[in-house]
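In listed order, ligands and their atoms are each counted from 1. All values below were derived from every heavy atom in this structure, side-chain atoms included, with hydrogens, water molecules and symmetry-related copies excluded.
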Amino acid sequence: MYRIRGSLALAIVCFSCAVAEGMTQLDGLTDQNKPKRCSHERVYDMSGAYCVGLRLQHIPSLKSGIEILDFSENRLQELKADTFSSYTSIKFLYLAENQMYNIDKDAFAPLSYLQTLDLSNNVILNLPESIFQLPSLRKLYLKDNPLLHLSFTNLQLHTPIKAPLELLDISNCKIDKLPYWGTLPHLTHYNISYNLLTALEAKHFASMCKLEKVDLTKSLDKIKLCDLKPTINWLQDKNVYFQLDDYSKLNTKEFEKCDDMPQNFVALNITHHVCKTAYLEFQSIKTSRRTWLTVTGGLAGFLVGFMLLLYLMHRHNVAQTKTKAEKLKKATPAHDRDKQATVPILVNDSNDVSRL
Ligand SMILES: *[C@@H]1O[C@H](CO)[C@@H](O)[C@H](O)[C@H]1NC(C)=O
Ligand SMILES: *[C@@H]1O[C@H](CO)[C@@H](O)[C@H](O)[C@H]1NC(C)=O
């Protein structure tokens with residue numbers, strides 16, 4: 001009787017505990033609408049952490065081994081040297097729409113697998129040079145950073161840069177003079193729109209020999225029409241698609257009358273040639289590495305197969321000798337000297353044996 005009453009009391013206590021906990025959880029939800037926790041998901045067979053729009057000021061502790069980190073729309077202000085030191089496998093890093101102004105020069109150094117970096121819509125003051133040396137970085141978004149032009153004036157680039165950049169977006173960053181990136185043999189998409197440029201030199205594009213598309217929307221209004229002609233000619237000659245907000249001025253008499261040839265055509269050709277050579281070198285390294293991998297992979301597969309075959313043959317032999325031995329053991333008396341003796345022979349009498 002006592003025990004029943006006791007367990008009933010316990011059940012009531014537990015029930016009220018659960019209700020209370022549920023209430024506090026509900027309170028939490030009504031307070032902020034969203035949970036302040038990053039979620040972990042697998043996307044495209046990669047491990048990702050999603051922390052979008054959580055108003056976080058710091059990157060919380062996440063699973064190590066994540067390959068995607070989406071930390072867009074938060075309140076991150078700084079990236080320190082050790083911010084990513086526990087997440088060295090990150091390939092895709094999204095930090096757009098934070099309040100970032102300071103990035104430590106070594107912040108991205110541990111990220112040797114980083115392929116895509118989105119730093120759009122921040123207030124970056126000091127862009128570290130090391131970003132351009134990331135060995136796997138293919139896409140870099142820096143758009144909508146109104147202070148970025150200040151860091152470009154101090155940027156000391158070690159050229160040629162290591163990052164195999166394919167896409168570079170520096171649109172809407174109040175840039176008046178484009179930084180010279182050196183040879184960018186993989187760049188196909190370049191967005192420099194919404195910057196009030198004071199010059200657009202053909203030299204800048206000659207070092208981008210795989211360029212397919214450049215967005216120049218709202219960036220050329222300060223430049224004299226005739227000063228544009230050499231670059232426009234160069235882009236047309238190399239079949240680069242350039243996007244403008246107003247193409248009509250290229251069809252005017254005034255544009256037609258401008259001087260045609262850029263003064264330094266030889267130098268441009270050399271720059272372009274250097275870029276093409278770098279591209280071909282990279283491709284040949286890639287294919288030779290692939291061939292090497294295929295060859296060694298094939299060889300390893302063959303060896304494993306061969307060893308398996310040897311092992312199976314060995315097993316087979318052992319089994320055969322065993323059964324033979326067993327048969328002999330069963331058939332041959334212990335004192336028999338003649339190992340060749342077989343069952344029928346032994347079944348017969350000693351006369352038969354002597355006859356053999
Ligand atoms: C270039 O950037 C501008 C502004 O950020 C954007 O509107 C435009 O779509 C981009 N162009 C391309 C080709 O992606
Ligand atoms: C530059 O290269 C182009 C072909 O890519 C060639 O037609 C042109 O004559 C060269 N110009 C000079 C000055 O070497």
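Side-chain heavy atoms closer than 4.5 Å link hydrophobic residues (I, L, V, M, F, W, Y) into clusters, and following such links, possibly through other members, connects Leu228 to Val240.
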Does ligand 1 have any N/O atom under 3.5 Å from a protein N/O, and what are those pairs and their distances?
unit_1, atom_1, unit_2, atom_2, d
ligand 1, 2 (O), Ser171, OG, 3.2
ligand 1, 2 (O), Asn191, OD1, 3.3
ligand 1, 2 (O), Asn191, ND2, 2.4
ligand 1, 2 (O), Ser193, OG, 3.3
ligand 1, 5 (O), Ser171, OG, 2.8
ligand 1, 11 (N), Asn191, ND2, 2.9
ligand 1, 11 (N), Asp215, OD2, 2.7

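We find the CG-NZ distance between Leu93 and Lys139 to be 15.0 Å, quoted to the nearest 0.5 Å.
Applying the ring-ring contact (aromatic ring centres under 6.0 Å, His included) test to every pair with at least one member in residues 137-169, sequence neighbours left out, gives these pairs: Phe152-Trp181. Every pair passing disulfide (SG to SG under 2.5 Å) that includes a residue from residues 51-110 is listed here, sequence neighbours excluded: Cys38-Cys51.
Not counting sequence neighbours, Lys143 has no partner by the salt bridge (charged side-chain N to carboxylate O under 4.0 Å, His left out) test.
Aromatic rings from His272 and Phe265 are positioned such that their centres are separated by 6.0 Å or more.
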